[in-house]
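Numbers here simply count residues along the sequence, with the first being 1. Here the structure is a predicted model, which is why all the values come from computation and not from measurement.
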Amino acid sequence: MERLRRGSWQRRALFGFLALCVLWIVGVAVWFVVALVTPPPPEPWEDEERAAGLHHEQVDAARFYVPEFSRTEKNGTVVLRYKVRGQDDSTVADFLWTYDITVKPEKSGPNEETYRDRFGEARRTFTVVYEDAGAEIDDKWESSARITVRAVQD
């Protein structure tokens, strides 16, 4: 009689353990399926890029730049900061070509140019600050620079 009770206790423990294993496997399978069908969250700067008209889906070029900084101010103005390295295909000229900025620049300082245009309902201001102070303007297009974009919604 004692032998039957001990065997039934062990049997119940084994069935309980197996049930927990099955539940764990089902849980992992459900988690895996949910992870596969859930899209990844958007990058934190994508909303600002869309508002400024600089999101990669809004540009005809096959390439795009990723901002180093993004912020939406209280009045709705979007601020994006980019860094171009001045080497290979990361130049001011390439940045302007990528985003189809064809307006003439205004000289706003010895190493600074400002471009103003519109994209949809946004007035955009591109401020290019060249890091090579002694370069001629033609050389500056190939030098490194910080580009700040401010987009104000009308």
Aromatic ring pairing Tyr65/Tyr82, orientation class (parallel under 30°, perpendicular over 60°, tilted between): perpendicular
Residues Glu106 and Thr114: side-chain donor-acceptor under 3.5 angstrom: no
From Leu96 atom CG to Thr91 atom OG1, the distance as rounded to the nearest 0.5 Å: 8.5 Å
Close side-chain approach of Val84 to Asp94, heavy-atom, < 4.5 Å: no
Mutual orientation of the aromatic rings belonging to Phe95 and Phe126 [parallel < 30°, tilted 30-60°, perpendicular > 60°]: perpendicular
Common cluster, Ile101/Val66, ILVMFWY with side-chain heavy-atom separation under 4.5 Å: yes
side-chain contact (heavy atoms from CB on, under 4.5 Å) partner of Val149, the single match among Val79, Leu80, Val78: Leu80
Nearest heavy-atom neighbours spanning Ala151 and Ala51: CB-O, 4.5 Å
Qualifying side-chain hydrogen bond (donor to acceptor under 3.5 Å, both in side chains) pairs, either residue in residues 120-129, two or more places apart: Asp117-Arg124, Arg123-Asp154
Residue from Glu49, Arg81, Glu48 passing side-chain contact (heavy atoms from CB on, under 4.5 Å) with Ser70: Glu48
Close side-chain approach of Glu131 and Lys83, heavy atoms under 4.5 Å: yes
Between CH2 on residue Trp31 and CG on residue Leu36, distance to nearest 0.5 Å: 9.0 Å
N/O donor-acceptor pair under 3.5 Å between Ser90 side chain and Arg85 backbone: yes
Euclidean distance, Ile147 CD1 relative to Leu54 CG, rounded to 0.5 Å: 10.0 Å
Glu68 bridged to Arg146 by N-O distance under 4.0 Å: no
ILVMFWY network linking Leu14 to Val22, side-chain heavy atoms under 4.5 angstrom: no
N/O donor-acceptor pair under 3.5 Å between Gln58 side chain and Arg50 backbone: yes
Separation of Phe15 CZ from Gln10 CD (nearest 0.5 Å): 12.5 Å
pair Glu113-Tyr130: side-chain heavy atoms closer than 4.5 Å: yes
